[in-house]
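Working notes, structure below.
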There are 2 protein chains.
Amino acid sequence: MLENDRSRSATHQSYAVLRDRILNGELPGGTKIVEEKIASELGFSRTPIRESIRKLEYEGLIINKRVVKPTEKDLRNNFQMRILLEGYAAQCAASFLREQDLQALYECVEIGRKGTNEEIMDANERFHEIIVRASNNAVMIDTIDRMQSLIYLFRKTVVLNQRPHLIDEHEQIYEAIKARNGEKAADLMKSHLQADLDFCLHIIG
Amino acid sequence: MLENDRSRSATHQSYAVLRDRILNGELPGGTKIVEEKIASELGFSRTPIRESIRKLEYEGLIINKRVVKPTEKDLRNNFQMRILLEGYAAQCAASFLREQDLQALYECVEIGRKGTNEEIMDANERFHEIIVRASNNAVMIDTIDRMQSLIYLFRKTVVLNQRPHLIDEHEQIYEAIKARNGEKAADLMKSHLQADLDFCLHIIG
DNA sequence: TTTTTAATTTTTGTATACATTTTTAATAAA
DNA sequence: TTTATTAAAAATGTATACAAAAATTAAAAA
């Protein structure tokens, strides 16, 4: 651990706490966020709280001083973006991914089959992250990163654990990238994300 | 005019002024941004200035307390995103754009041929905006919007006025959308943006 | 001269107080 | 009862002061 919380700024600390509370449902969608209230609760002044709220607004987790309540349409919008961007990233991965990253990708698949629930969750995230990085496009990486929290939030409310075939699909994508077949990798990634979206939508029915 | 400047918040005013100064080159890339200095210059306290600086950081116009100096790679990254997103938006436009918007689109082409330089610039922006809106995806609209300022900044430094064929390409895109040919519209939009990027890159050599 | 170290200055981070705006509640009119 | 109007309160926006951190400069050592 490089830095403990005391060493970080009040802004950073309060941001991390607030974000956490929103993502784990402690501050459910629709909750009014009042600067003074949060400030006294966390033991900081309003100034750093204000700043972390702005950050969360930027991330889409707070809108109009309330915790966001993502709609089905928000979910669709975010996934549509991911389909476009990660489809492209998968194509890049097929062309440019190094042996080392390819191996890391395979490890994610393996953990997906054998790991504990927590490990699986992490490995799935990492799988996508490796591919997104292969785009070598900082704007893209950043954009997808920002979208994650909203998607995560939605997932939480859906209590999504494990979708059937998810790991199989990851493995197919991995195989296409390994075979340097960019078009196939992109197509597989797109349908993988589409299936993910459909599963989410199905559950909230 | 719905509100004059005095009616807007200090944060909004200072944000608008700073953004303007960055985009028009008054604050060139690399300029150190010091809160206190800007504050006394604009006649506000540091508090609203801080906030507007954060906003500009989110927008990518300020990095590390300095005005951004976009690199060739930044330009490529932004355009690659636009190619993906606006290509998709053009496809949506072909399927869903209403007669009214279609007409507005055509007006942009007409102004592109007959208008003054300023009118042409505006019309070109509007052309893309109408199509992006057709995606009906708030996340996408927002993302593209944020990317505009950096692209604009780059353009400014390149002193880009009018690229050959730009309006012809717009017209072709318009025709494809009017003919409800989504695939063609998407392809044309992609090559249009690619040509735009190439032109920028060519000028900066 | 170059490199370190310490001192100084500048700049940012945070707390607090007050002003302005927005929201809520209460009262009066329809 | 519903709708307007106004008074109260709550919350946000802004200014200012001070503390902490970062950057700069000056002095000392290599």
Side-chain angles (χ1 to χ4, degrees), chain A residues 1-22 26-69 142 146 149-150, chain B residues 1-22 26-69 142 145-146 149:
Chain A
M1 214 165 299
L2 282 170
E3 22 199 348
N4 61 24
D5 261 16
R6 252 153 307 181
S7 74
R8 292 291 213 129
S9 68
T11 301
H12 183 276
Q13 282 181 65
S14 57
Y15 165 77
V17 171
L18 276 179
R19 186 172 189 278
D20 235 52
R21 290 194 182 170
I22 292 173
E26 214 174 312
L27 290 171
T31 306
K32 186 96 195 278
I33 298 292
V34 176
E35 295 173 5
E36 181 59 54
K37 195 164 150 256
I38 304 279
S40 64
E41 211 175 305
L42 301 190
F44 297 116
S45 80
R46 269 180 57 215
T47 312
I49 300 297
R50 262 178 91 77
E51 223 169 278
S52 51
I53 289 176
R54 290 292 127 85
K55 243 188 188 164
L56 292 164
E57 285 174 342
Y58 178 65
E59 237 176 298
L61 288 180
I62 293 179
I63 295 178
N64 260 338
K65 283 138 207 175
R66 284 179 190 281
V67 176
V68 75
K69 220 187 266 191
D142 225 65
R146 256 206 326 279
S149 45
L150 205 101
Chain B
M1 216 167 299
L2 283 170
E3 22 199 348
N4 61 23
D5 261 16
R6 255 153 304 179
S7 74
R8 294 290 215 126
S9 68
T11 301
H12 183 275
Q13 283 180 64
S14 57
Y15 164 77
V17 171
L18 275 179
R19 186 171 189 278
D20 235 52
R21 290 194 182 170
I22 292 173
E26 216 174 311
L27 291 172
T31 306
K32 186 97 193 279
I33 297 293
V34 177
E35 296 173 6
E36 180 58 54
K37 195 163 150 255
I38 305 279
S40 64
E41 211 174 305
L42 301 190
F44 297 115
S45 80
R46 268 181 59 215
T47 312
I49 301 297
R50 262 178 90 78
E51 223 169 278
S52 50
I53 289 176
R54 289 292 126 84
K55 243 186 188 167
L56 291 164
E57 285 174 344
Y58 292 147
E59 237 175 297
L61 288 180
I62 293 179
I63 295 177
N64 261 339
K65 283 139 207 175
R66 284 180 189 280
V67 176
V68 74
K69 221 187 265 192
D142 226 65
D145 209 57
R146 256 206 327 278
S149 46

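Letters A, B, ... are given to chains in the order of the sequence lines, protein chains preceding strands, and every chain is numbered from 1.
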Just call it for [X]: base, sugar-phosphate, or nothing, with non-hydrogen atoms closer than 4.0 Å on any strand.
{"X": "A:Ile33", "result": "sugar-phosphate"}
{"X": "A:Lys65", "result": "sugar-phosphate"}
{"X": "B:Arg54", "result": "sugar-phosphate"}
{"X": "A:Ile49", "result": "nothing"}

Between B:Glu57 and A:Tyr58, is there a side-chain donor-acceptor contact under 3.5 Å, judged purely by atom types and distance?
no
Expressed in angstrom and rounded to an integer, what is the separation of [X] atom [atom1] from [N] atom [atom2]?
{"X": "B:Lys37", "N": "C:dT12", "atom1": "NZ", "atom2": "C1'", "result": "16 Å"}
{"X": "A:Arg66", "N": "D:dA11", "atom1": "CZ", "atom2": "P", "result": "11 Å"}
{"X": "B:His12", "N": "D:dT14", "atom1": "NE2", "atom2": "P", "result": "11 Å"}
{"X": "B:Ile38", "N": "C:dT11", "atom1": "CD1", "atom2": "P", "result": "12 Å"}
{"X": "B:Glu35", "N": "D:dA21", "atom1": "CD", "atom2": "P", "result": "16 Å"}
{"X": "B:Glu51", "N": "C:dT14", "atom1": "CD", "atom2": "C1'", "result": "15 Å"}
{"X": "A:Ile53", "N": "D:dG13", "atom1": "CD1", "atom2": "C1'", "result": "13 Å"}
{"X": "A:Arg8", "N": "C:dG13", "atom1": "CZ", "atom2": "P", "result": "13 Å"}

Both distances below 3.5 Å, Watson-Crick or wobble geometry, any strand: find the nucleotide opposite D:dA29.
C:dT2
Hunt down the Watson-Crick or G-U wobble partner of D:dA17, both distances under 3.5 Å, from any strand shown, or write none.
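Partner of D:dA17: C:dT14.
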Does any part of the side chain of [Y], heavy atoms only, come nearer than 4.5 Å to the side chain of [X], both counted from C-beta?
{"X": "B:Lys32", "Y": "B:Lys37", "value": "no"}
{"X": "B:Glu51", "Y": "A:Arg50", "value": "yes"}
{"X": "A:Ile22", "Y": "A:Ile62", "value": "yes"}

Taking for B:Lys32 and for B:Arg46 the nucleotide of DNA chain D with the nearest heavy atom, the one nearer the 5' end belongs to B:Arg46
Closer to the 5' end of DNA chain D via nearest nucleotide, is it A:Glu36 or B:Ser45?
A:Glu36
Quick one: is B:Thr11 getting a side-chain N or O under 4.0 Å of the D:dT14 phosphate, OP1 or OP2?
yes
Find the distance between CD (A:Glu26) and CG (A:Leu18) and round it off to the nearest 0.5 Å.
10.0 Å
